[in-house]
Amino acid sequence: MTGVHSAGPGAARRIQYSVLIMTDAPHSPARTRVAPSPTGDPHVGTAYMALFDKAWARQTGGRFVLRIEDTDRNRLVPGSEEQIYETLDWLALGPDESPLLGGPYAPYKQSERLDSYRPYVDQLLADGHAYYCWCSQERLAALRKERADAHSPETGYDRLCLGMTKEERSKLPGFSETPVVRMRIPDDVELGFHDLIRGDVRAPRPDDQVILKADGFPTYHLAVVVDDHLMGIDTVVRGEEWISSTPKHLLLYKWLGWQAPQFAHMPLLRNTDKSKISKRKNPAARLMWFREQGYLPEALRNFLQLLAYPTIAEGEEMESFESFIQRFRWSDISTGGPVFDVTKLDWLNGQYIRSLDVGALADRVLEYAVASGQLTDPSEAAVARIRAGMPLVRERLTLLSEAVPKLSFLLVEDAGLAFDEDSVAKLKGDPAAILDAALATLEGLPEDGFDAETIQQALKSGVCEALGIKPRVGFAPIRVGVTGNRVSPPLFESMEILGRASCLARLRRFADQLAG
RNA sequence: GUCCCGAUCGUCCAGUGGCCUAGGACAUCGCCCUUUCAAGGCGGUAACGCGGGUUCGAAUCCCGUUCGGGAUACCA
């Protein structure tokens, strides 16, 4: 590890690749984990990590664990924890063990594991790897400011308390009654480590990091190491932002005499301006947003995968999770932080929508419409109409949320249909005459056998040919009269669903309105 | 400021020294299909940040530089 020179990512990957080929040995069952904090709406990054965590666990026949990291008591948001369970399940990226599911290493929530940290702190203290620090937060803040103003390269704690007793320290300024515990970083701390994705990595030199806060809670650094070890986690998948803390974690493993896990530092998802993705700049950073918008979870999962990983073949962007699990390799993950741009997801969502048969799509649309409030307590007739209309909109959907609005003309009463003003204004030719001809033609058709093909033929001859006008001119007023808008699902199929009586009623009303 | 990570079309990926006058997908533009809008088909525009090396040969390896990002908390 010490002799890590700048071999370059390419070289590192090549080595890893050849090792994979040569050993050809199946990896032993892995234990991976995702460890979100319940500090607000679940973040898209959580799902992003979970995707790779779960794929690796599945590929190796291992287990995927969800642990809730709630050591920061000040930032807890009620309900957030439940949303984490919910959204991961929705994405079919649910864990095998969790606070909800339980498991052999319960409890799976850090706030319920508090007793497990203190003994290790005491051990580190006794071994001289950690020390008490009574410096007040004010002193620390002043120190930081002073160095920032001086553009000093110095960083971290100045070790004022190192080697002092409480009595000795209390005589100096900036003293606080309740101490924290800090790691004593040795001069020869190992800074390099092997990363599953990046190969050999070098991290910044750590400071004397606080591992136990004044309130008795462990910081992330201590808790994550202790928990991961106690829970048997052997593969840690986390964001790139943690590379700089890895030497601290490795030190803790070493001091405690534990086998360190393997690390995979995923690239950071970015806002359009390339900064680390944030809810502030990108609404899609909220996992719930996708469900609210009407995205399909399978499409989102597929999209997330595309964000760091090559397609299975050129031109084949769609891939099942099962297929991905089979071919997944850490070394194939891209290291550059991808911009999180949902444009391609929109397309993918349309593809997934079209891959559903109309019945299944109708189920999804209905489920969405009720959950989102588009439909409140829909009648049987309304449900039937939406199902009937599904073949007409399937090719026209990007999001589930678009279906009901596109079919709303099937759900209103004839007398309640509004004729879009702009659509009416843009009508060409002589709408009144066209409507008269259409009315006469349709009145001549029988009640039964009022199907799209029949309607089309009748209208073609009864309106377009009879008046000598083009279909686009002749059918436009009929479309507005029947659907209320110049843009609509296919006209004749729509009329078939509506039925003869309803079509006649609507067209008469429209004709009257134009005349009046 | 310091340390670390990264860099190919607008965006996401391919590229592991010659197969690259750089490939695919989305987006965009044009054409076809067409009763609207879509979907679909066909085609076009569009990128190796810069400078030095190494080499017969570099998008690929090395160095520097620039730019972007992250870390630098008693947050995670």
Side-chain angles (χ1 to χ4, degrees), chain A residues 6 8-11 13-14 17 35-37 39 69-72 74-75 133 135 137 140-141 144 147-156 176 178-182 191 198 201-207 209-215 217-221 223-224 238-245 265 267-268 270 272-276 303 306-311 313-317 334-348 350 354 393-398 406 423 456 459-460 464 470-476 478-480 483 485-492:
Chain A
S6 34
R13 284 204 216 171
R14 186 156 51 246
Y17 184 75
S37 298
T39 52
E69 310 236 334
D70 53 354
T71 49
D72 186 352
N74 301 320
R75 300 202 313 169
C133 170
C135 287
Q137 305 222 37
L140 264 15
R144 264 195 299 276
R147 295 212 276 225
D149 291 348
H151 298 291
S152 164
E154 289 298 311
T155 173
S176 163
T178 47
V180 300
V181 175
R182 290 182 182 275
L191 299 178
R198 294 153 202 273
V201 179
R202 185 151 278 274
R205 162 166 220 92
D207 307 322
Q209 177 68 46
V210 171
I211 53 175
L212 196 71
K213 305 183 219 179
D215 65 1
F217 275 72
T219 59
Y220 169 84
H221 304 286
V224 76
R238 47 160 48 155
E240 188 181 2
E241 75 246 57
W242 293 110
I243 288 179
S244 34
S245 321
H265 288 98
L268 249 29
R270 313 294 185 90
T272 318
D273 66 2
K274 306 274 191 183
S275 58
K276 178 170 146 183
F303 177 66
L306 256 24
L307 245 26
Y309 212 78
T311 49
E314 287 207 336
E316 288 182 49
E317 314 284 310
S334 310
T335 44
V339 170
F340 195 84
D341 178 354
V342 295
T343 312
K344 194 168 192 170
L345 171 61
D346 285 341
W347 169 79
L348 253 187
R354 261 158 253 129
V393 293
R394 199 166 80 121
E395 260 86 64
R396 275 155 260 264
L397 298 182
T398 294
K406 280 189 196 302
S423 297
Q456 169 159 214
L459 255 19
K460 208 165 209 168
C464 299
K470 286 178 179 167
R472 61 185 305 125
V473 176
F475 293 146
I478 304 175
R479 184 183 299 280
V480 176
T483 70
N485 205 294
R486 52 194 271 267
V487 176
S488 83
L491 179 57
F492 311 113

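In what follows, every chain begins at residue 1, and chains take the letters A, B, ... in the order their sequences are listed.
With respect to Leu212(A), the side chain to side chain contact (heavy atoms under 4.5 Å, CB included) criterion is satisfied by exactly one of Thr219(A), Val181(A), Val180(A): Val181(A).
Partner assigned to G43(B) is C29(B), using Watson-Crick or G-U wobble distances below 3.5 angstrom. Taking a pair to require two hydrogen-bonding distances under 3.5 Å in either a Watson-Crick or a G-U wobble arrangement, C48(B) remains unpaired. Of the nucleotides present, G18(B) is the one that pairs with C56(B) by Watson-Crick or G-U wobble criteria, both distances under 3.5 Å. Base pairing annotation: A7(B) forms a Watson-Crick or G-U wobble pair with U66(B), both donor-acceptor distances under 3.5 Å. Remark: U35(B) base-pairs with no nucleotide; criterion is Watson-Crick or G-U wobble with both hydrogen-bond distances under 3.5 Å. A73(B): no Watson-Crick or G-U partner with both key distances under 3.5 Å is found in any strand. Pair check for G23(B) finds C13(B); Watson-Crick or G-U wobble, both atom distances under 3.5 Å.
Spacing of P atoms, C74(B) relative to G49(B), comes out at 39 Å, to the nearest Å. Taking atom C1' in both G6(B) and G44(B), one finds a spacing of 33 Å when rounded to whole Å. Nucleotides G69(B) and G24(B) are separated by 27 Å at their C1' atoms, to the nearest Å. For G30(B) and G64(B), the P atoms lie 48 Å apart once the distance is rounded to whole Å. Taking atom C1' on both nucleotides, C13(B) is separated from C32(B) by 30 Å, rounded to a whole Å. Here the separation of U8(B) from U60(B), taken at their C1' atoms, is 11 Å to the nearest Å. Nucleotides C5(B) and C9(B) have their C1' atoms positioned 24 Å apart, rounded to a whole Å. Comparing A76(B) with G51(B), their P atoms sit 46 Å apart, to the nearest whole Å.
Atom NZ of Lys344(A) and atom P of A25(B) are 9 Å apart (whole Å). In this structure, Phe340(A) places its CZ atom 18 Å from P of C26(B), rounding to the nearest Å. Spacing between atom CD of Glu314(A) and atom P of U8(B) amounts to 17 Å, rounded to whole angstrom units. One can place CG of Asp346(A) at 9 Å from P of A27(B), the figure rounded to the nearest angstrom. One interatomic measurement links the two molecules: CG of Leu307(A) to P of A25(B), which rounds to 18 Å at whole-angstrom precision. Atoms CG (Leu306(A)) and P (A14(B)) sit 10 Å apart, rounded to a whole Å.
The closest donor-acceptor contact from the side chain of Ser244(A) to the backbone of Ala203(A) lies at 3.5 Å or more, if one exists at all. Listed for the Ser152(A) side chain is a donor-acceptor partner under 3.5 Å among the backbone atoms of Glu154(A).
Residues Pro267(A) and Gly336(A) approach most closely at CB-O, 3.7 Å, considering heavy atoms. Nearest heavy-atom pair, Arg479(A) versus Arg486(A), reported as atom, atom and distance to 0.1 Å: CD-O, 3.1 Å. Of all non-hydrogen atoms in Thr311(A) and Glu316(A), the two that sit nearest each other are CB-O, 3.4 Å. Nearest approach of Pro489(A) to Lys406(A), heavy atoms of both residues: CG-O, 3.7 Å.
Heavy atoms of Ala308(A) sit under 4.0 angstrom from primed sugar atoms or phosphate atoms, though from no base atom.
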How would nucleotides 29-43 of chain B be written as a contact map, 5' to 3', with B for base contact, S for sugar-phosphate-only contact and - for no contact, using protein heavy atoms under 4.0 Å? ------BBBBSS---
Between protein and nucleotides 66-76 of chain B, map the contacts as a letter string: B base, S sugar-phosphate only, - none, heavy atoms under 4.0 Å, written 5' to 3'. --SSSSSSBBB
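For the residue pair Thr483(A)/Asn485(A), the side-chain donor-acceptor check at 3.5 Å is not satisfied.
Place Arg205(A) and Glu317(A) on RNA chain B by their nearest nucleotides, and Arg205(A) ends up nearer the 5' end.
Counting heavy atoms from C-beta on, the side chains of His265(A) and Val201(A) never come closer than 4.5 Å.
By the 30° and 60° cut-offs, the orientation of the rings of Phe303(A) relative to Phe340(A) is perpendicular.
For Tyr309(A), the side-chain hydrogen bond (donor to acceptor under 3.5 Å, both in side chains) partners at least two apart in sequence or on another chain are Asp332(A).
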